[in-house]
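To start, the structure under review is shown below, and the notes come after it.
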Amino acid sequence: MGTRRKAWRLSRPRVPARWSVTAGRLPRAEQKGVAIPAGSGHEGSCPRCHTIHDSTGGRDFMTEIRNLSQHVNEEVTLEGWLANKRSSGKIAFVQVRDGSGTAQVVASRSEVDDASWQAIQEAVQESTVRVVGRVNEDHRAPGGYEIHASELELLALSEEFPISPKEHGTAFLMEHRHLWLRSSKQRAALRVRSEVCQAIRDYFYDGGYTLVDSPILTPAACEGTSTLFETDYFGDKAYLSQSGQLYLEPAIAALGKVYCFGPTFRAEKSKTRRHLMEFWMVEPEIAFMRFEALCDLAEDFVCSLVTRVLDRCAEDLEVLERDTKALEAVQKPFPHISYTEAIERLQAKGNPIAWGDDFGADDETQITADFDRPVKISRFPTKIKAFYMEPDPDNPEVVLGLDVIAPEGYGEIIGGSQRIHDLELLERRLAEHELPREAFEWYLDVRRYGTCPHSGFGMGIERFVAWMSGVKHLRETIPYPRMLNKIYP
RNA sequence: UCCUGGGUAGCUCAGUGGUAGAGCGGUCGGCUGUUAACCGACUGGUCGGGGGUUCGAGUCCCUCCCCAGGAGCCA
């Protein structure tokens with residue numbers, strides 16, 4: 001290491017980055033101590049919080065910054081990235097980020113050894129460091145806790161970090177997406193995403209659903225409408241899945257209530273803040289569920305997720321400057337209007353839309369503008385919806401389809417329907433949509449071998465996370481967005 | 001694919017026909033409680049590519065490339 005260090009170009013400490021300092025994250029609800037069984041190889045771990053014993057050198061316990069409040073007046077060891085540094089000659093304030101939070105480290109010239117002081121001078125933004133010091137409560141420190149360093153070791157000097165303290169354009173940031181992830185708002189949005197995904201799994205697990213993974217590589221279009229990514233499958237054509245729904249329907253006969261949750265792909269040349277080429281979708285499908293129950297499920301599901309995010313992501317929402325009042329208003333029941341009523345409402349506002357037209361982005365915004373929570377719209381004209389949707393028994397011109405539109409312009413977050421369970425009708429619809437019958441034989445089997453009414457919906461994860469986070473563009477709700485003609489990094 | 005707005009220093013931008021600019025960054029120096037620290041000095045350019053008009057083009061014209069936002073489609 002010593003020889004390596006000499007090879008590095010020494011440079012002066014950099015001026016602080018503007019990245020916000022989320023110091024000393026308090027432990028989340030689950031982060032309680034875990035008992036470490038003897039002989040597990042982790043005997044060195046702190047019994048009060050998840051810490052990692054550094055087995056390579058038998059050094060002190062390594063503490064996660066989120067747990068600092070549990071170590072007041074104790075000496076701790078931290079390893080992390082230098083997020084920011086300010087210096088006044090004989091005293092330095094170093095913000096260290098370890099993934100669990102950011103902590104302020106205070107180093108006085110008179111209290112650290114020469115090597116540590118030299119390391120502090122040399123370390124630049126995003127260098128990795130090891131800090132040993134005592135945890136103090138101090139109102140002057142962001143987060144309320146700071147570490148008075150006794151030692152600071154420069155583990156790896158960083159090259160000049162491209163993301164500097166002042167503003168950057170989105171094009172530049174997207175080129176550096178892998179580095180942009182380190183900034184506070186990006187970290188907060190990804191944590192919200194993680195929480196949403198966990199909440200989804202918990203909701204369905206607790207509800208008795210079985211996870212049924214649908215294939216990514218499929219032989220044909222699911223709905224026959226979207227443009228799909230094509231790939232070679234040993235000489236045959238295969239397509240990246242745009243929905244798992246069709247593969248879920250056979251599974252309900254085996255497992256009753258099922259869901260899939262994974263990436264989906266659309267090759268449409270959509271270039272808007274509400275579209276990605278690769279996005280994640282969760283799709284429940286339930287045997288014997290009729291339309292009204294589906295509407296209730298979608299509503300309950302959304303409310304459950306919103307509550308969970310408000311409950312567990314308060315700190316992240318603050319970093320994101322999300323107005324949580326708008327989310328707190330999301331309570332049952334959601335307004336529920338028919339497609340026809342939605343058209344009438346739009347026309348009353350002077351919108352030239354006609355019955356039979358599909359809603360555009362502006363139309364959706366106009367509809368939700370009247371409400372403070374998501375809006376359910378149902379019973380769409382048969383011809384603008386997918387082939388598998390069950391006709392309304394009261395009016396065969398419309399189908400038992402449901403869209404849930406998020407407020408604040410985030411658009412359609414849920415689309416679902418009761419499915420056609422009658423074999424003959426489904427065969428007719430396939431023909432009307434000019435879909436290749438032979439490719440759907442397996443799908444028709446669901447109706448041949450003991451059919452039942454059933455329903456399901458799909459929810460786009462990124463749109464939901466964007467709505468929760470108050471982020472305007474979906475690209476900031478997924479770690480590595482795939483966008484029109486853009487696949488780097 | 002179409003519509004609109006852009007491309008000037010590492011980054012964000014100003015510059016509407018006459019010497020290429022600012023802030024931030026970077027480098028050097030100063031500062032013992034900083035909060036996007038601050039103060040001083042220094043550093044920084046194929047003005048997206050090509051062609052044209054002009055005594056003279058970052059600026060006007062043509063063309064191509066790239067980026068952003070939106071439309072259609074959807075989650």
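All chains are named by letter (A, B, ...) in the order of the sequence lines, taking the proteins before the strands, and each is independently numbered beginning at 1.
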Pairing nucleotide - [N], Watson-Crick or G-U, each distance under 3.5 Å:
N     : result
B:C2  : B:G70
B:U27 : B:A41
B:U54 : none
B:A9  : none

Under 4.0 angstrom, heavy atoms only, what part of the nucleic acid is [X] near: base, sugar-phosphate, or nothing?
X        : answer
A:Thr264 : nothing
A:Phe172 : sugar-phosphate
A:Ile414 : sugar-phosphate
A:His148 : base
A:Lys472 : nothing
A:Ala92  : nothing
A:Glu146 : base

Correct closest heavy-atom pair for A:Glu122 and A:Leu157 would be O-CD1, 3.3 Å
Is any side-chain nitrogen or oxygen of [X] closer than 4.0 Å to OP1 or OP2 of [N]?
X        : N     : result
A:Lys486 : B:A68 : yes
A:Lys271 : B:A71 : no
A:His473 : B:G69 : yes
A:Arg86  : B:U32 : no

Between A:Ile405 and A:Tyr410, does a side chain to side chain contact (heavy atoms under 4.5 Å, CB included) hold up when you go through it step by step? CA-CA 8 Å; A:Ile405 316 291; A:Tyr410 286 97; over 6 Å; no
Quote, to the nearest angstrom, the [atom1] distance that separates [N] from [M].
N     : M     : atom1 : value
B:G30 : B:A36 : P     : 25 Å
B:C13 : B:G44 : C1'   : 16 Å
B:U46 : B:U8  : P     : 11 Å

With hydrogens left out and only the distance checked, is there a donor-acceptor pair under 3.5 Å joining [X]'s side chain and the base of [N]?
X        : N     : result
A:Gln125 : B:G25 : no
A:Arg463 : B:C74 : yes
A:Ser270 : B:C74 : no
A:His168 : B:C11 : no

Tell me the interatomic distance from A:Lys269, atom NZ, to B:G70, atom P, rounded to whole angstroms.
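So the NZ-P distance, A:Lys269 to B:G70, works out to 18 Å.
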key: Residues which pass side-chain hydrogen bond (donor to acceptor under 3.5 Å, both in side chains) with A:His336, listed by chain and number, not counting sequence neighbours   =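 Here the qualifying residues are A:Ser378.
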Nucleotide of [options] approaching [X] most closely (side-chain heavy atoms):
X        : options             : answer
A:Thr272 : B:A75, B:A71, B:U34 : B:A71
A:Phe279 : B:C73, B:A75, B:G69 : B:A75
A:Glu160 : B:A75, B:G26, B:C74 : B:G26

Worksheet item: Should A:Arg308 and A:Gln198 count as side-chain neighbours, where that means a heavy-atom distance under 4.5 Å?
Response: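 A:Arg308 reaches A:Gln198 side chain to side chain.
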Using modelled atom types only, decide if a donor and an acceptor are shared between the side chain of A:Arg379 and the backbone of A:Gly401 within a distance under 3.5 Å.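 Judged by distance alone, no pair lies under 3.5 Å.
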- Query: Is a side-chain donor-acceptor pair under 3.5 Å present for A:Ser243 with A:Glu283?
  - Reply: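 Side chains of A:Glu283 and A:Ser243: pair found under 3.5 Å.
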Original post:
Any luck finding a side-chain donor-acceptor pair between A:Asp113 and A:Ser116 under 3.5 Å?
Top reply: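 Their side chains do contain a donor-acceptor pair, which is all the 3.5 Å distance test asks for.
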- Message: According to a cutoff of under 5.5 Å between the ring centres and under 30° between the ring planes, does A:Phe93 stack with the base of B:G33?
- Response: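 A:Phe93 ring does not meet the centre or angle cut-off for B:G33; no stack.
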Problem - Residue whose closest nucleotide on RNA chain B lies nearer the 5' end, A:Gly360 versus A:Arg475 - result: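 Mapping each residue to its closest nucleotide by heavy atoms, the 5'-most match is A:Arg475.
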